[in-house]
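Just below is one structure, and these are the notes that go with it.
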Amino acid sequence: MFIMVLLLHQPYSVFNQSINISIIFSVAREPDLQEWTARTRVYDILHEPVRIAMVGKYTGLSDSYLSVLKALLHASVACRRKLVVEWVAAGDLEDVTATEAPDVYKNAWDLLKGSDGVLVPGGFGDRGVQGKILAAKYARENKVPFLGICLGMQIAVIEFARSALGLHDANSTEFDPETSHPCVIFMPEVCSSTVLTGSKTYMGGTMRLGSRRTYFKVPNCKSAKLYSNASFVDERHRHRYEVNPNMVPQFENAGLSFVGRDETGRRMEIIELPSHPYFVGTQFHPEFKSRPGKPSALFLGLIAAASGQLDAVLQNYGNESKLLPNGISNGKPSVKTYQNGNAIKSSNGSLNGVYSNGNGVHH
Ligand SMILES: NC(=O)CC[C@H](N)C(=O)O
């Protein structure tokens with residue numbers, strides 16, 4: 001997007017110097033740049049900030065979270081907000097930092113508390129896990145919009161088990177194999193099979209990867225609405241651990257809703273707290289399908305909630321006719337989300353949307 005901003009700022013100088021813009025798009029047909037140039041104009045005048053705390057392990061290496069950052073940016077442009085990412089190193093939120101480096105601890109909490117929304121991205125290994133749990137707890141208790149992705153969703157589940165169910169040692173078996181309340185466990189269907197049971201040796205082959213289908217089980221939930229009331233969505237995965245399905249009834253009794261599941265109903269894909277303005281977690285990685293002009297549904301939900309526009313966005317959804325073709329010209333968050341392959345045929349037969357790579361939202 002940034003390269004395009006640079007180029008499209010000077011379309012005539014660039015084009016008149018015989019640079020074939022079709023090379024940039026890698027397509028043979030004459031490109032239609034209207035949408036792109038309109039988007040750069042919108043992008044340029046954004047000034048009202050939306051602050052998102054990114055609570056992760058590699059906060060010094062923003063490239064580690066590049067897809068997440070782009071997805072946040074796509075959603076922020078759609079909501080007409082200037083994205084400000086507050087990097088919060090998860091470990092800095094932990095009690096041990098309060099003792100060892102009080103200034104660092106205070107700064108981390110100030111950043112978190114000054115944010116309009118909290119995002120806990122994916123990750124592996126136990127460093128910073130306690131800090132991520134504290135961030136999820138803060139967002140849940142203070143009704144701050146929250147999106148947890150993959151590990152971020154597992155963190156939210158662990159936090160809920162500890163705080164709302166009172167299971168103080170609840171944990172993922174990734175971090176504590178001996179926990180008496182394993183609320184996140186290693187590949188349930190693999191564990192129930194023979195030789196691969198919990199084996200770290202087979203790690204490489206046991207990662208659940210790629211595009212998988214999630215079915216909405218709760219039709220009126222925020223996530224389903226954000227996905228235009230789809231009955232199922234295909235999103236990309238990269239994980240080994242999952243919510244322990246045997247504990248789901250306990251969680252649901254306490255108010256945590258598992259709104260999206262796989263076809264067996266045993267794998268939890270999307271969580272929501274209905275009592276919270278926007279508290280969503282996904283086992284999949286919605287960031288991978290976000291595109292400029294077609295933000296990921298759940299990132300849009302986060303940014304809309306963080307900027308006081310979620311109700312307007314939710315009302316818009318499920319009614320495609322209300323959406324503008326480019327989603328950027330009337331000053332409202334009237335965007336359509338990127339739902340890979342939900343390509344609408346335009347009147348001239350071309351696909352409405354450049355990115356139509358075969359995934360889908362299905363009604
Ligand atoms: N991509 C991730 O966030 C992975 C989460 C977790 N470590 C798992 O393997 O399930």
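Ligands are counted one by one from 1 in listed order, and the atoms in each one are counted from 1 as well.
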At less than 4.0 angstrom from any non-hydrogen atom of G122, what atoms of ligand 1 do you find?
3 (O)
Please classify the E242 to ligand 1 contact at 4.0 Å (heavy-atom distances, strictly less than): side chain, backbone, both or neither.
neither
Could you tell me the residue and atom name of the protein heavy atom closest to atom 2 (C) of ligand 1, and the distance to it rounded to 0.1 Å?
C150 SG, 2.9 Å
N/O separation below 3.5 Å, G123 to ligand 1:
yes
Would you give the length of the straight line joining atom CZ of F251 to atom CG of L167, rounded to the nearest 0.5 angstrom?
7.0 Å
State the CG-NE2 distance between L209 and H285, to the nearest 0.5 angstrom.
9.5 Å
Can you list the atoms of ligand 1 that are under 4.0 Å from a heavy atom of H285?
1 (N)
Checking heavy-atom distances from atom 7 (N) of ligand 1 to each of M153, R238, M207, E174, the winner is E174
In terms of ring plane angle, is the pair F279 and H276 parallel, tilted or perpendicular, where the classes change at 30° and 60°?
perpendicular
Does an N or O from L151, backbone or side chain, lie closer than 3.5 Å to an N or O of ligand 1?
yes
H239, any N or O under 3.5 Å of ligand 1 N or O
no
Nearest protein heavy atom with distance in Å, relative to atom 9 (O) of ligand 1
R240 N, 3.0 Å
Atom CD1 of I185 and atom CG of N244: how far apart are they, to the nearest 0.5 Å?
4.0 Å
Give the residue and atom name of whichever protein heavy atom lies nearest to atom 10 (O) of ligand 1, and the separation in Å to one decimal.
Y241 N, 2.8 Å
Please tell me whether Y227 and F232 form a close aromatic pair, meaning their ring centres lie under 6.0 Å apart.
no
Derivation and outcome, side-chain contact (heavy atoms from CB on, under 4.5 Å), residues S163 and R140
CA-CA 10 Å; S163 300; R140 184 179 59 78; 3.1 Å; yes
H239 and R208: side-chain donor and acceptor closer than 3.5 Å?
yes
So does D234 pair up with R213, basic N to acidic O under 4.0 Å?
yes
Does any N or O of ligand 1 fall below 3.5 Å from an N or O anywhere on Q154, backbone included?
yes
Numbered in order shown, the ligand 1 atoms found under 4.0 Å of a heavy atom of F124 are 1 (N), 2 (C), 4 (C), 7 (N), 9 (O)
